[in-house]
2 protein chains.
Amino acid sequence: MSNIKIPPPRPETRRRSPTGEPRSLGASEAVERQRVRARLLNAGVAPTIQRLEIGRIVFRGPIHISADELHQKLEASSFPVSRATIYNTLKLFVEKGLLREIVVSAERVYYDSTTDLHHHFYDVETGELTDIPAEEVTVTRFPPPPAHMTADEVEVLIRIRKSA
Amino acid sequence: MSNIKIPPPRPETRRRSPTGEPRSLGASEAVERQRVRARLLNAGVAPTIQRLEIGRIVFRGPIHISADELHQKLEASSFPVSRATIYNTLKLFVEKGLLREIVVSAERVYYDSTTDLHHHFYDVETGELTDIPAEEVTVTRFPPPPAHMTADEVEVLIRIRKSA
DNA sequence: TTGAATGCAAACGCTTTGCACTCGG
DNA sequence: CCGAGTGCAAAGCGTTTGCATTCAA
């Protein structure tokens, strides 16, 4: 019955220096930010600082990343972003077609920077995902969908494990 | 966040009256229990009453069911089983090869009574799953797995939606 | 008798939500 | 000034665990 409640701490309102981060940024970094910004604008997403930082990680190249991994990466970098914002942003990016959700394991959702249809190798032991371009898989035959349904996407998952 | 979808009931129990009222006795039920018991014993699972009741639901025919749906079914029947036992049992059944886990949506795990390799139609709106026998799909070509890895299973998921 | 199985409630991990604060146009 | 965005804490939800009780060999 009795619920052991942790006494509510009284944290101070968090404040971040508004502009404060850009240290010596190389030209390449500026270009990269510019590219991320363009991509966000193009998708109709307002390019806030947090979204740009998330985009810098997530749009760098093909990647499969969970919300928590992203959070840790941002912690590690000098630009922490709150969990709420990370979840909001990932969800937004998916809606806007900038990321794709992958659900292969029950414990967490992965976000895939490759948004067009493709397939995956899935290492059942480590959970690691490897992209397979759509052209490298051929599904020659499958039955018609149930009545009044149309096939939308055919997705192939190949479970792999260490060779014996 | 509210697709409490119920997998299509398989009305192929033709010995049951259309109203589906719980028979109080009958040779068929005894036979069914006997079959479930045999199946459990054969898999090295001690046939307790709860496991038999769960097996009666889950081994009746092709089914995709979540832990919670199973819990509700047992509540509805005259044989409630605690959540802990349901989760324990489903996990055990998977370990023993009596059920197969399906993860297509982040919100819950489904358990598939068909344990040999097969594929699925997945209704992206309702979450409903439909089995596709392995022979009805042909994957003719896919790239070799990464180094020191071997392909274990090739699983095809076909996302479907209502025809326009 | 004794280990396995069960069941309740509490704990847990991931994700979402409520709401006050901040920012930029 | 206002609406969009952010961040914290708390809530939510599915699942797991700790542990006392019950069952079955």
Side-chain angles (χ1 to χ4, degrees), chain A residues 1-21 37 40-41 43-55 65-72 74-75 79-96 99 101-111 127, chain B residues 1-5 37 40-41 43-55 65-72 74-75 79-96 99 101-111 127:
Chain A
M1 301 316 165
S2 69
N3 30 29
I4 301 94
K5 271 294 167 192
I6 295 158
R10 290 242 76 245
E12 282 311 304
T13 311
R14 168 113 173 296
R15 251 167 195 290
R16 188 214 306 294
S17 126
T19 53
E21 78 336 307
R37 170 183 290 275
L40 294 186
L41 287 172
V45 173
T48 67
I49 308 100
Q50 290 85 348
R51 290 171 180 174
L52 284 171
E53 287 302 310
I54 290 174
I65 197 170
S66 69
D68 192 59
E69 285 165 3
L70 180 55
H71 187 247
Q72 286 173 220
L74 287 161
E75 291 288 323
F79 207 94
V81 175
S82 79
R83 264 176 234 280
T85 297
I86 287 178
Y87 279 104
N88 287 340
T89 302
L90 289 174
K91 198 174 167 185
L92 179 67
F93 282 10
V94 169
E95 268 168 26
K96 298 298 186 175
L99 289 177
E101 263 188 23
I102 316 184
V103 184
V104 275
S105 127
E107 42 248 36
R108 73 196 73 68
V109 171
Y110 278 97
Y111 293 88
Chain B
M1 312 306 136
S2 62
N3 67 335
I4 313 302
K5 80 123 210 106
R37 171 183 289 277
L40 295 185
L41 287 171
V45 173
T48 66
I49 306 100
Q50 289 85 348
R51 290 172 181 173
L52 284 171
E53 287 302 310
I54 291 173
I65 196 170
S66 69
D68 192 59
E69 285 165 3
L70 181 55
H71 187 246
Q72 286 173 222
L74 288 161
E75 291 288 324
F79 207 94
V81 176
S82 78
R83 265 175 233 281
T85 298
I86 287 178
Y87 278 104
N88 287 341
T89 302
L90 288 173
K91 198 173 167 187
L92 178 67
F93 281 11
V94 169
E95 268 167 29
K96 298 299 187 174
L99 289 177
E101 263 189 23
I102 317 185
V103 185
V104 274
S105 130
E107 41 249 38
R108 72 193 73 65
V109 171
Y110 278 96
Y111 293 87

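Chain A is the first sequence line, chain B the second, and so forth, proteins listed ahead of strands; every chain is numbered from 1.
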Visitor: Take the protein atom CD of B/Glu101 and the nucleotide atom C1' of D/dT16, then report the distance between them rounded to whole Å.
Guide: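 B/Glu101 atom CD is separated from D/dT16 atom C1' by 13 Å.
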Visitor: Would you indicate what A/Ala106 reaches in the nucleic acid, counting non-hydrogen atoms under 4.0 angstrom: base, sugar-phosphate, or nothing?
Guide: nothing
Visitor: Of all residues at least two apart in sequence or in a different chain, which pass the salt bridge (Lys or Arg N to Asp or Glu O under 4.0 Å) check with A/Arg108?
Guide: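 Residues passing salt bridge (Lys or Arg N to Asp or Glu O under 4.0 Å) with A/Arg108: none at all.
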Visitor: Whole Å only: how far is the CZ atom of A/Arg83 from the C1' atom of D/dG5?
Guide: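 Between C1' of D/dG5 and CZ of A/Arg83: 19 Å.
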Visitor: Whole angstrom is fine here: how far is it from NE2 in A/His71 over to P in D/dG7?
Guide: 9 Å
Visitor: Is the backbone of A/Val81 close enough, under 3.5 Å, to the side chain of A/Thr85 for a donor and an acceptor to pair up by distance?
Guide: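 No.
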Visitor: For the side chain of B/Thr85, counting heavy atoms from C-beta on, which of D/dG7, C/dC14, C/dG7 is nearest?
Guide: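 Closest nucleotide among those given: C/dG7.
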Visitor: Can you name the salt bridge (Lys or Arg N to Asp or Glu O under 4.0 Å) partners of A/Arg83, sequence neighbours left out?
Guide: A/Asp68
Visitor: Identify, with sequence neighbours excluded, every residue that meets side chain to side chain donor-acceptor pair (under 3.5 Å) alongside A/Thr48.
Guide: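 For A/Thr48, no residue satisfies side chain to side chain donor-acceptor pair (under 3.5 Å) once neighbours in sequence are set aside.
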Visitor: Expressed as a whole number of angstroms, how long is the span from A/Glu107:CD to D/dT15:C1'?
Guide: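 Taking atom C1' of D/dT15 as the reference, CD of A/Glu107 is at 11 Å.
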Visitor: Does A/Gln72 reach the main-chain N or O of A/Glu69 with its side chain, forming a donor-acceptor pair under 3.5 Å?
Guide: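 Such a contact is absent between A/Gln72 side chain and A/Glu69 backbone.
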Visitor: Output the rounded distance in Å from CG (B/Leu90) to C1' (C/dT6).
Guide: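 So the CG-C1' distance, B/Leu90 to C/dT6, works out to 15 Å.
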Visitor: In whole Å, what is the span from the NZ atom of A/Lys96 to the C1' atom of D/dA4?
Guide: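 Interatomic distance, NZ of A/Lys96 to C1' of D/dA4: 13 Å.
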Visitor: Whole angstroms only, please: what is the CD-C1' distance between A/Gln50 and D/dA4?
Guide: 12 Å
Visitor: How would you list all residue pairs meeting salt bridge (Lys or Arg N to Asp or Glu O under 4.0 Å) that involve residues 84-94 of chain B, not counting sequence neighbours?
Guide: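 For residues 84-94 of chain B: none.
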Visitor: For the pair made of CG in B/Leu40 and P in C/dA4, what is the distance, rounded to whole Å?
Guide: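 Distance, rounded to whole Å: 18 Å.
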Visitor: Could you tell me whether the phosphate oxygens of D/dG5, OP1 or OP2, come under 4.0 Å of any side-chain nitrogen or oxygen in A/Arg51?
Guide: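 Yes, because at least one side-chain N or O of A/Arg51 sits under 4.0 Å from OP1 or OP2 of D/dG5.
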Visitor: Using a 4.0 Å heavy-atom cut-off to protein, can you give one letter per nucleotide of nucleotides 17-25 of chain D, 5' to 3': B if the base is in contact, S if only the sugar-phosphate is, - if neither?
Guide: B------S-
Visitor: Please name all residues satisfying side-chain contact (heavy atoms from CB on, under 4.5 Å) with A/Pro47, sequence neighbours left out, ordered by chain then number.
Guide: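 side-chain contact (heavy atoms from CB on, under 4.5 Å) check on A/Pro47 returns A/Arg37, A/Leu40, A/Leu41, A/Leu52.
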